[in-house]
Amino acid sequence: MADPRTDAAFLTRNAAAAQPAGALAERMAVAEREGRPLRVKLGIDPTAPDVHLGHVVVLQKLREFQDLGHRVVLIIGDYTARVGDPSGRSATRPVLTTEDIDRNARTYQDQALRVLRDEPELLEIRRNGEWLDMGMDAFLTLARIPKVAQLLERDDFAKRYAGGVTISLLEFVYPLLQGYDSVAIEADVEIGGTDQTFNLYFGRDVQRAEGRPEQSVITMPLLVGTDGEKKMSKSLGNHIGITEPAEEIFGRTMRIPDELIASWTDLLGVDLGGAAADDPRARKRALARALCDRFAGQGEGDRAQEAFDRLFKDRAIPDDVAEHVVADSGEVHLPAVIASAFGVSRSEGRRAITQGGVRIDGEPWPQDVLDAEASELHGSVLQLGKRRFARLVAGQTA
RNA sequence: GGGGGGAUGUCCGAGUGGUUAAAGGAGACGGGCUGUAAACCCGUUGGCUCUGCCUACACAGGUUCGAAUCCUGUUCCCCCCA
């Protein structure tokens, strides 16, 4: 094994923070002395099963640890999910059933394994219900550890408290439970996004209180989403899922602001080298190709790029358009067709027509015509805006 | 336990009896320009069988010719005191 300091420097090169200073190299040295790999922890929430590029940042970091022979311990927060997190103003999150959790956990594992290596000595998957399903005595002992003042200093709590936004006691308990996970699995290192900073450090407090060695904490910058502003998250709709089709990954990547290219390549572990350093468009295309190859399959990048160019350079209609059934005869109401084909309201469809945003076979549809003869539409491609297409076929509509 | 304040469209946020589907902003969407980038310009943004109709300002009921606006009850949230 290489010099711990060299490895540590490599692993923390693109991290937001790796603290305390020298802790990672120290944990590595200890592990090596004990003749074992590092135990690198990542806790995941089994509420949102689909993995997107934002998750990949952290998974990629774990993968780098695996590549150096270390062991990743993935903790599925089945217990905490069952409790139900009431954070935020919206109604209490529905409590997940065991079946939901199992299904989500399985989906997550399947997807995470597109980044992680699935080898028994490099990957261990645990559920925190194994140890969190404890007695009241044990819990109360744990509950001595966090101090209210300390919790309130935490940035998001402080802001919410000052802003008059509810904080439930359960949210205060969360860091404690997460910290106890570190004790239970004997974590040497814990990885998370910068939004997890407090919880990760708090894990050290719990470990110390339990008389265990304290973990090294590595926080990764949050990947900015396709909107170019906020962190990537499914609820903000600015995410790219790693199971999406290549066309989608390519297209959505092309929509990111140029300023994001550097951080995306850095955090997602995409090596573009110095190619076209001064041509943002070419670099973005290279990034998009790389992401397609990686998540949709080797060769998908080139294929998606060709499809993309046909669509936007040549303004051609894509060749793999989904079919949509319309009545086989009589008059059809176009807004209704648009609504059912693209999942928008009829009013939206009507507005799109009025504004000249609807095309049939590439030809603009007249803005003042709302109905059409069904037979004239059969076999045609209906287009809404620039990038939504449906091939209309005759058939029985429900 | 007591007192006070609040709940408006996707979000923020005006509006305290009548031209209010509800100002303004953000976001989103459509069009133009373009590199499905940025910037900029124009338009739209509850639903529908659309010169009109229906549903909407936490929930339920009431007052009134007429309510998001007034009254009563309920739920949830915030603040202060204990």
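In this text, all values refer to a predicted model and were calculated from it rather than measured experimentally. Chain identifiers are assigned alphabetically (A, B, ...) following the order of the sequence lines, protein sequences preceding nucleic acid strands; residue numbering begins at 1 within each chain.
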P spacing across the pair B:C78 / B:C12, given as an integer number of angstrom = 16 Å

Please state the C1' separation for the pair B:G13 and B:G52 - nearest whole angstrom.
-> 31 Å

Atom-to-atom span, CG of A:Asp258 to P of B:U36 - whole angstrom | 12 Å

Atom-pair distance (CD1 on A:Ile240; C1' on B:A37), nearest Å = 14 Å

To the nearest Å, how far apart are A:Ile256 CD1 and B:U34 C1'?
-> 17 Å

Nearest-Å distance for atom pair CD/P, residues A:Glu348 and B:U45 = 11 Å

Paired with B:A21 by Watson-Crick or G-U wobble geometry, both distances under 3.5 Å: which nucleotide is it?
-> none

Residue-phosphate contact under 4.0 Å: A:Arg281 side-chain N/O, B:U34 OP1/OP2 = no

Mind calculating the distance between CZ (A:Arg310) and C1' (B:U36) to the nearest angstrom?
-> 16 Å

Transitive ILVMFWY side-chain link A:Val321 to A:Phe342, under 4.5 Å = no

For residues A:Tyr201 and A:Gln19, is any side-chain donor paired with an opposing acceptor at under 3.5 Å?
-> yes

Would A:His239 and A:Ser233 count as having a side-chain donor-acceptor pair, cut-off 3.5 Å?
-> no

Could you give the distance separating B:A68 and B:G18 at their P atoms, to the nearest angstrom?
-> 11 Å

Will you find, in the side chains of A:Thr354 and A:Gln367, an N or O donor that is under 3.5 Å from an N or O acceptor?
-> no

Examine B:U36: is either OP1 or OP2 under 4.0 Å from a nitrogen or oxygen in the side chain of A:Lys284? Give yes or no.
-> no

Within the modelled atom types, does a donor on one side and an acceptor on the other bring the side chain of A:Arg387 and the base of B:U36 under 3.5 Å apart?
-> yes

Can you tell me the pairing partner of B:A56 across any strand shown, Watson-Crick or G-U wobble, with both distances under 3.5 angstrom?
-> none

Give one of base, sugar-phosphate or nothing for A:Arg346, where a contact means two heavy atoms less than 4.0 Å apart.
-> sugar-phosphate

Whole angstrom value for the distance that separates P of B:C48 from CG of A:Leu334 | 14 Å

Using atom P of each nucleotide, how far apart are B:G32 and B:A67 to the nearest Å?
-> 45 Å

Which is true for A:Ser347 with a 4.0 Å heavy-atom rule: it touches a base, it touches only sugar-phosphate, or it touches nothing?
-> base

Counting side-chain heavy atoms from C-beta on, which of B:G35, B:U44, B:G32 comes nearest to A:Gln355?
-> B:U44

Pairwise 5' ranking along RNA chain B for A:Glu259 and A:Ser345, keeping only the more 5' one | A:Glu259

Grab the CD-C1' distance between A:Glu229 and B:A26 for me, whole Å please.
-> 10 Å

Whom does B:U44 pair with, Watson-Crick or G-U wobble, provided both distances fall under 3.5 Å?
-> B:A28

Report which part of the nucleic acid A:Leu311 touches: base, sugar-phosphate, or nothing (heavy-atom distance under 4.0 Å, all strands).
-> nothing

Examine the base of B:G27 for any acceptor or donor lying under 3.5 Å from a partner atom in the side chain of A:Asp227, and report the outcome as yes or no.
-> no

Now, which nucleotide makes the Watson-Crick or G-U wobble pair with B:G1, with each of the two distances under 3.5 Å?
-> B:C81

Is A:Arg283 touching bases, backbone alone, or none of the nucleic acid, heavy atoms closer than 4.0 Å?
-> nothing

B:C29 to B:U74 separation - P atoms, rounded to the nearest Å | 44 Å

As its Watson-Crick or G-U partner within any shown strand, both distances under 3.5 Å, B:A67 has none

For A:Asp205 and A:Ile145, which heavy atoms make the closest approach, and how far apart are they?
-> O-CG2, 4.3 Å

Do A:Gln196 and A:Asn199 get their side chains close enough for a donor-acceptor pair, meaning under 3.5 Å?
-> yes

Pick the nucleotide of RNA chain B nearest each of A:Asp309 and A:Val344; which residue has the one closer to the 5' end?
-> A:Asp309

Mind checking the C1' distance from B:G43 to B:C33? Whole angstroms is fine.
-> 16 Å

Between B:A58 and B:G3, how far is it from one P atom to the other, in whole Å?
-> 24 Å

Within this structure, what is the CD1-to-P distance between A:Ile249 and B:U36, rounded to whole angstrom?
-> 19 Å

How is A:Gly251 classified with respect to the nucleic acid when contacts are heavy atoms under 4.0 Å: base, sugar-phosphate, or nothing?
-> base

Salt bridge (Lys or Arg N to Asp or Glu O under 4.0 Å) between A:Asp278 and A:Arg283, intermediate numbers included = CA-CA 8 Å; A:Asp278 53 354; A:Arg283 272 186 92 75; over 6 Å; no

How far does the P atom of B:C57 sit from the matching atom of B:G25, given to the nearest Å?
-> 24 Å

